[in-house]
Amino acid sequence: MNEKKIKFTDCPITRTAEVLGGKWSLPIIFALMKETSRFKELERKIEGINTRMLVKELKQLEENGIVLRKVYAEVPPKVEYSLTEKGKALKSVLVEMKNWGNQFLTV
């Protein structure tokens, strides 16, 4: 039998996992689904994340078009993070992941 092999570099699931694959990516997106937040607000909302990891993950999410970073010309500088339309489109995915986790991973 000659089955077609999956080329993982072309697989949309694999590519999505690469974009969202950081340990903290999903908690950041989940926090931003509720409201636009400043850096320290996000840091307080996400238990266990440290400053360095939050900076790294936000930068990666911004590069992937998931998060928008808006800088206001004020002193001191004000920076807010929100989801782009691409990021907002993940809401249904995260809700389903949450439902699955509640059904199969609860103790």
Side-chain angles (χ1 to χ4, degrees):
M1 196 180 283
N2 191 8
E3 291 184 33
K4 184 178 178 185
K5 290 188 177 186
I6 297 171
K7 186 175 178 185
F8 283 104
T9 55
D10 293 337
C11 175
I13 295 169
T14 301
R15 291 194 336 257
T16 301
E18 288 171 357
V19 169
L20 304 176
K23 176 181 178 181
W24 298 104
S25 296
L26 295 178
I28 291 168
I29 294 166
F30 192 76
L32 290 173
M33 279 194 313
K34 297 175 183 170
E35 61 187 347
T36 296
S37 297
R38 295 178 74 175
F39 185 86
K40 285 295 182 184
E41 292 171 336
L42 276 174
E43 198 170 30
R44 283 190 294 272
K45 289 177 186 177
I46 303 168
E47 186 177 335
I49 196 166
N50 63 44
T51 302
R52 186 177 65 80
M53 287 308 299
L54 183 54
V55 168
K56 179 183 173 198
E57 294 286 343
L58 283 169
K59 190 175 197 177
Q60 190 66 45
L61 289 167
E62 186 180 6
E63 287 173 8
N64 286 318
I66 306 295
V67 168
L68 176 66
R69 180 178 186 263
K70 185 173 182 181
V71 181
Y72 294 88
E74 301 178 355
V75 176
K78 177 181 172 184
V79 180
E80 289 183 340
Y81 296 91
S82 60
L83 293 177
T84 62
E85 288 305 312
K86 186 176 174 181
K88 290 175 186 174
L90 291 165
K91 183 175 182 174
S92 62
V93 174
L94 293 183
V95 168
E96 286 304 313
M97 289 175 73
K98 180 181 175 186
N99 291 341
W100 185 89
N102 284 336
Q103 183 175 355
F104 295 107
L105 301 177
T106 55
V107 180

request  = Applying side chain to side chain contact (heavy atoms under 4.5 Å, CB included), run through Val93 and Met97 and close with a yes or a no.
outcome  = CA-CA 6 Å; Val93 174; Met97 289 175 73; 4.1 Å; yes
Nearest-0.5 Å distance, OG1 of residue Thr84 to CD1 of residue Ile66 = 5.5 Å
Side chain Asn50, main chain Arg52, donor-acceptor under 3.5 Å = yes
inquiry  = Tell me whether Glu47 at atom CD has more than 12 heavy atoms from other residues, nucleotides or ligands lying less than 6.0 Å away.
reply    = no
message = Tell me whether Leu68 shares a hydrophobic cluster with Ile46, the cluster being built from Ile, Leu, Val, Met, Phe, Trp, Tyr side chains joined at under 4.5 Å.
response = no
request  = Please say which of Thr16, Thr14, Leu20 ends up in a side-chain contact (heavy atoms from CB on, under 4.5 Å) with Glu18.
outcome  = Thr14
task = Please round to the nearest 0.5 Å and tell me the distance separating atom NZ of Lys34 and atom NZ of Lys91.
result = 10.0 Å
Greater than 12 external heavy atoms within 6.0 Å of Phe39's CZ = yes
note = Nearest heavy-atom contact between Arg38 and Tyr81 is C-CD1, 4.5 Å
key: Heavy-atom side-chain contact between Leu58 and Leu42 under 4.5 Å   = yes
remark   = In terms of heavy-atom contacts, Gly22 and Glu57 come closest through CA-OE2, 3.4 Å
ask   = So, are Arg44 and Glu41 salt-bridged, with charged N and O less than 4.0 Å apart?
value = no
query = Val71 and Leu54: same hydrophobic cluster, using ILVMFWY side-chain contacts below 4.5 Å?
reply = yes
query = Given the rule that I, L, V, M, F, W and Y join up when any side-chain heavy atoms are under 4.5 Å apart, are Ile29 and Val95 in one cluster?
reply = no
inquiry  = Working note: Thr36 + Lys70, criterion side chain to side chain contact (heavy atoms under 4.5 Å, CB included); need CA distance, chi angles, decisive distance, verdict.
reply    = CA-CA 10 Å; Thr36 296; Lys70 185 173 182 181; over 6 Å; no
task = Verify the distance criterion only: is there a donor paired with an acceptor across the side chains of Tyr72 and Glu80 at less than 3.5 Å?
result = yes
Salt-bridge present (Glu85, Lys88; N to O < 4.0 Å) = yes
request  = Test Met33 against every option in Leu90, Leu83, Ile28 by the side-chain contact (heavy atoms from CB on, under 4.5 Å) rule and name the one that passes.
outcome  = Leu83
Greater than 12 external heavy atoms within 6.0 Å of Lys56's NZ = no
